[in-house]
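Working notes, beginning with the structure itself.
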Number of protein chains: 2
Amino acid sequence: MELVQIYECLCDVTRLRLLNVLAQGPLCVCHFQAVLREPQVKISKHLGYLRTRGLVTARREGNWMIYELPAKLPAELRTNLACLQDCVREQPVFQRDLERLRKLAPGLAENGPGCCGPTRRKRAGALRCGDTPSPSDRRKA
Amino acid sequence: MELVQIYECLCDVTRLRLLNVLAQGPLCVCHFQAVLREPQVKISKHLGYLRTRGLVTARREGNWMIYELPAKLPAELRTNLACLQDCVREQPVFQRDLERLRKLAPGLAENGPGCCGPTRRKRAGALRCGDTPSPSDRRKA
DNA sequence: GATCTATATTCCTTAAAGAGAATACGAAGT
DNA sequence: ACTTCGTATTCTCTTTAAGGAATATAGATC
């Protein structure tokens with residue numbers, strides 16, 4: 001992986017926020033939506049961008065796509081992500097993201113990174129992500 | 001300075017090379033040309049890019065423009081430049097630049113960062129940079 | 001098999017950046 | 001004054017990216 005490509009991935013705020021959150025662990029798209037409070041297209045596109053460049057990996061889990069940092073990071077990427085963490089320590093936007101993530105987190109620990117986790121299927125009323133209103137919900141409002 | 005802007009500055013190889021060289025000390029444009037072996041427009045434009053974003057400062061010295069890293073760097077920039085240094089340690093392109101810089105360096109130590117240094121004016125035959133042929137030279141060839 | 005949910009892709013518009021050729025500018029030197 | 005030298009700017013072209021709206025797809029549920 002070229003160094004420049006890493007920096008290209010880092011030169012967009014949304015992607016920085018995604019990576020910052022990802023440093024805490026795997027997550028599904030709709031959780032990213034909830035944490036960053038950005039529209040689905042935006043999240044999805046930027047995750048795709050990161051994915052094609054190898055900064056994140058993705059796997060399917062039911063309806064959900066779980067994104068995470070690759071197990072073994074190339075040295076340069078590792079260094080730069082550490083550097084990012086460092087730089088972001090004082091930046092409100094990024095810290096707010098982490099706070100919102102933490103509020104989501106209790107569920108995550110038990111249920112995994114999926115929107116409601118793999119066990120979710122067994123629970124009634126927990127089928128929808130609910131973090132963002134669907135188009136039909138929006139029409140009702 | 002926004003973090004993203006730093007990364008925007010870092011997402012071009014030429015600029016990475018410039019910064020890598022600049023980490024060794026101030027330098028004039030024609031020395032950059034010699035070290036990077038890139039055309040003048042390219043060097044000048046990228047230095048301009050870095051300058052408008054505050055990553056480097058410039059001062060005039062006779063005909064020469066001396067570029068250097070600002071005395072007191074913002075924390076994020078400092079961290080990222082250190083990180084860059086680290087990442088680049090094993091990369092041939094960047095190391096070759098530093099070698100070529102070192103070959104130029106003896107003159108630099110005594111004469112300063114200008115193409116032939118401030119004292120140059122007093123020496124005969126040392127008025128031209130000579131690292132890159134001028135258009136008229138090229139016509140002759 | 002129709003429907004719903006989470007996510008991806010396509011299409012469009014707009015903006016920015018990179019490269020190179022040519023030209024302009026400012027400071028010396030003659 | 002004119003030239004020369006080092007450097008910056010302008011112009012043009014091509015590529016890339018970002019955002020949003022709309023639409024497509026894949027898996028799960030009924």
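Per chain, numbering begins at 1; letters A, B, ... match sequence-line order. Owing to the predicted nature of the structure, the values given are computational and were not obtained by experimental measurement.
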Please list, chain by chain and in numerical order, all residues satisfying side-chain contact (heavy atoms from CB on, under 4.5 Å) with A:R53, sequence neighbours excluded. A:C9, A:Y49
Residues which pass side-chain contact (heavy atoms from CB on, under 4.5 Å) with B:Q40, listed by chain and number, not counting sequence neighbours: B:Q33, B:S44
Less than 3.5 Å apart, which donor and acceptor atoms pair up between the side chains of residues 72-86 of chain B and the rest of the protein, not counting sequence neighbours?
unit_1, atom_1, unit_2, atom_2, d
B:T79, OG1, B:A75, O, 2.7
B:N80, ND2, B:E76, O, 3.1
B:D86, OD1, B:R89, NH1, 3.4

Report, one pair per line, the protein and nucleotides 24-26 of chain C atoms (nitrogen or oxygen only) whose separation is under 3.5 Å.
unit_1, atom_1, unit_2, atom_2, d
C:dG26, N2, B:N63, OD1, 3.1

What nitrogen or oxygen pairs link the protein and nucleotides 22-24 of chain D at under 3.5 Å?
none

Interface residues of residues 2-19 of chain B with DNA chain D (non-hydrogen, below 4.0 angstrom): none
Looking at DNA chain C, which of residues 43-54 of chain B put a heavy atom within less than 4.0 Å of it? B:K45, B:H46, B:Y49, B:R53
Under the side-chain hydrogen bond (donor to acceptor under 3.5 Å, both in side chains) test, which residues partner B:R100, sequence neighbours left out? B:D97
Taking CD1 from A:I66 and C1' from D:dG27, how many angstroms apart are they, rounded to a whole number? 14 Å
Going by the rule side-chain contact (heavy atoms from CB on, under 4.5 Å), which residues pair with B:V4 if we only count those two or more places apart in sequence or in a different chain? A:V13, A:L16, B:E8
What pairs with B:Q24 under side-chain contact (heavy atoms from CB on, under 4.5 Å), at least two apart in sequence or on another chain? B:L98, B:L101
By the salt bridge (Lys or Arg N to Asp or Glu O under 4.0 Å) test, which pairs, at least two apart or in different chains, include something from residues 41-50 of chain B? B:E38-B:K42
By side-chain hydrogen bond (donor to acceptor under 3.5 Å, both in side chains), which residues pair with B:E68, not counting sequence neighbours? B:R59
